[in-house]
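Data block below; observations after.
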Amino acid sequence: MKRAAPGRKAVLNRILAGLGGGYLLAAAAAGGLAAILPMPRIEAVVTAQIAAYVLFVLAALAAFLPRKGATAWAIILLPGAIFALAGWLGGGR
């Protein structure tokens with residue numbers, strides 16, 4: 001069975017999820033990981049920034065994997081919320 005080509009709104013939704021949501025995920029991951037990694041602060045920040053770049057690329061790719069746009073947003077924003085919570089709770093280091 002042949003799948004129909006997605007409409008312009010669906011593609012725009014995926015692009016926004018990949019770029020905008022990916023940026024939010026990367027920012028939350030950088031802050032969260034820097035706060036909870038058990039190493040000296042500067043090493044934790046550099047490691048978290050490198051991991052955030054990788055997560056940004058993965059989020060941009062993951063936005064186009066599921067069939068529904070809402071699922072793409074959930075795949076990106078739920079881990080972002082977890083990283084943000086980790087940064088908020090682990091920020092008193």
Under 4.5 Å between side-chain heavy atoms, counting indirect links through other Ile/Leu/Val/Met/Phe/Trp/Tyr residues: same cluster for F64 and L24 or not? no
Take L25 and F56 through the test side-chain contact (heavy atoms from CB on, under 4.5 Å) and record every step on the way to the result. CA-CA 7 Å; L25 172 64; F56 180 74; over 6 Å; no
If Ile, Leu, Val, Met, Phe, Trp and Tyr residues are connected whenever their side-chain heavy atoms lie under 4.5 Å apart, and connections chain through other members, are V57 and L19 in the same group? no
Please determine whether the number of non-hydrogen atoms from other residues, nucleotides or ligands lying under 6.0 Å from atom OH of Y53 exceeds 12. no
In Å and rounded to the nearest 0.5 Å, what is the CG to CG distance from L65 to L58? 10.0 Å
Indicate the atoms forming the closest heavy-atom contact of A48 with A34, along with that distance. CB-N, 3.5 Å
Minimum heavy-atom separation for A35 to A86, with atom names? CB-O, 4.5 Å
Less than 4.5 Å apart, side chain to side chain, heavy atoms only: is that true for T47 and L37? yes
For the student: nearest non-hydrogen atoms of A30 and Q49, plus distance: CB-NE2, 3.4 Å
Atom of A74, atom of P79 and distance for their closest heavy-atom approach: O-CD, 3.9 Å
Where do A51 and L33 come nearest, in terms of heavy atoms and distance? CB-CD1, 3.9 Å
Out of curiosity, R8 CZ to N13 CG, how far, rounded to the nearest 0.5 Å? 16.0 Å
Atom CG in L55, atom CD1 in I50: separation rounded to 0.5 Å? 12.5 Å
Spacing of K68 atom NZ and R14 atom CZ [to the nearest 0.5 Å]: 11.0 Å
Taking all atoms of both residues into account, what is the closest heavy-atom pair of I75 and A62, and its distance? CG2-CB, 4.2 Å
Answer yes if V46 and I36 sit in the same cluster of Ile, Leu, Val, Met, Phe, Trp and Tyr residues linked by side chain heavy atoms under 4.5 Å apart, and no otherwise. no
Should L16 and L77 be counted in the same cluster of Ile, Leu, Val, Met, Phe, Trp and Tyr side chains packed under 4.5 Å apart? yes
